Amino acid sequence: MKTFYNHLHAQHQGKVEMFRGALVPCFEVPARADHVLAELQRRQLGTVVEPKAFGEAALTAIHSPRYLNFLATAWDQWVALDAANADKDILPSVWPTRTFRTDIEPDNLAAKVGLYSFDAGSPFTSGTWVAARKGAECALSAAQQVVAGDRAAFALSRPPGHHAGADFFGGYCFLNNAALAAQHLRNAGMKKVAVLDVDFHHGNGTQAIFYDRPDVFFASIHGDPRTEYPFFLGHADETGAGAGVGANLNLPLPRGTDYTAWARALETSLTAIARFGADALVVSLGMDTFEGDPISGFKLKSDDYLRIGARLKQAGLPTVFIFEGGYAVEEVGINAVNVLQAFA
Ligand code: OKS
Ligand code: ZN
C-alpha cells in the first residue's frame, strides 16, 4: 500500500486552543504524523511517496470559493492588522448563531473568522493553508491511486479533515480530506462511494457535505454527541435528506465502549455499506478510539486495530485511508499501522 505523505504538515503547528475556560497547548501536534511515518518505515509497509499536484477545481468540488479564498488570505489579513500578530495564531471568538445572517461576509477579520468556523479549539496559523492544501493533495492522490487499480492507499497528513464543512473549519480541521477523496472517486467514474468514519468524534463536516446525496453513503461510529464533541450533529435519527434519504448512518456509542460493542457497530456499518452497493470505500481513520487517548472516551486496545484492518479488508472494496484524529502520541503510529498492516 502506498502512503502519500504530507511533508509540509509541520507548517501547521498551533500554539494553544481554548479548552475548559483556558488556553492550553494544542493536542493536534506534528509528532502525531511523525510517529505514524516512523512506524510505517519500521515495519516497511509499502512505499512513502509525494502527493501529485491538483488544481483549484479539485477543492471547489467540495468547498465554496469564498471559504477557500478566506483560507488563502486569512493569515496575511491577520498580520496586516498588526505586525505583532505574526507571533500569535488566529483563534475565533465570535460566531453568527441562530437569528444572525451568514449571507454577508463582514470586512472585520475577527468576524470573518467566526463566519467560517464553529469552535475556538482550532488555531489558524501562518502555515495552516499551505499544510492543509498539501494534505488535500495527499487525499486526492490516494484516491487517484485506487482509481488506477491499487487495492488501497493511505493519505498521511495533518491537520485532519472530517469536521470541516463546505465553508467552515473547526475540530482541528480545515479542508475535508475524506470528502475530497470520495468526490475524486465519483468523478473518476465510481458510481457509488461509501465513507466510513471510525474516528471517536462524529464527522459532522463529511456528513453535512453529502447529506442530500444518494451517491455517497456516510457511516460513522462515534461517541454519543449528547456528551461528546461536536455535540450538535451525529445523532442516530440523522438518516439523510432529499435524494440522500437512507444514505447516512450514525452509530453513537456511550463513553467507555470497548471493542466488543464497537465491533458490532462496525458490522452494522459494513452491512449497510454492502447493501448500498458501494464501489469504493473511504475510511476516515481516526485513532482516538484508543483507551489511552487523552481527549476521548472509548476503550480500544492496540491489538484491536489489527482486527479492524482485517475486517475492512474482508469488505472487499478498493479503499482510501485518510488519517484523522488520535492524540495518544506515543501509540498513534502503532495503532494506525496495525490497521493498515492487517489490511495489507
Ligand atoms: C475542545 C476540544 C475539541 C475536540 C476536538 C476533537 C478533534 C478530533 N476545544 N476530531 O476527530 O479529534
Ligand atoms: Zn477525533
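Everything quoted here is computed from the prediction, not taken from an experiment. In listed order, ligands and their atoms are each counted from 1.
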For [atom], find the nearest protein heavy atom and state the residue, atom name and distance (0.1 Å precision).
atom                    : answer
atom 12 (O) of ligand 1 : Tyr327 OH, 2.5 Å
atom 10 (N) of ligand 1 : His163 NE2, 2.6 Å
atom 9 (N) of ligand 1  : Met18 O, 3.0 Å

Kindly state whether the ring of [X] and the ring of [Y] have centres lying under 6.0 angstrom apart.
X      : Y      : answer
Phe210 : Phe218 : no
Phe168 : His163 : no
Tyr172 : Tyr327 : yes

Short N/O distance, under 3.5 Å, between Asp199 and ligand 1? yes
Ignoring angles and geometry beyond distance, decide whether His162 reaches within less than 3.5 Å of ligand 1 through its nitrogen or oxygen atoms. yes
At a threshold of 2.8 Å, where the distance has to be below it, does the Zn ion (ligand 2) have an N, O or S atom of Glu324 nearby? no
Quick check: does His162 put an N/O/S atom under 2.8 Å from the Zn ion (ligand 2)? no
Looking only at non-hydrogen atoms, find the nearest pair between Pro106 and Ile104 and report the distance. CD-O, 3.3 Å
Got a salt bridge between Arg264 and Glu267, using NZ or NE/NH1/NH2 to carboxylate O under 4.0 Å? no
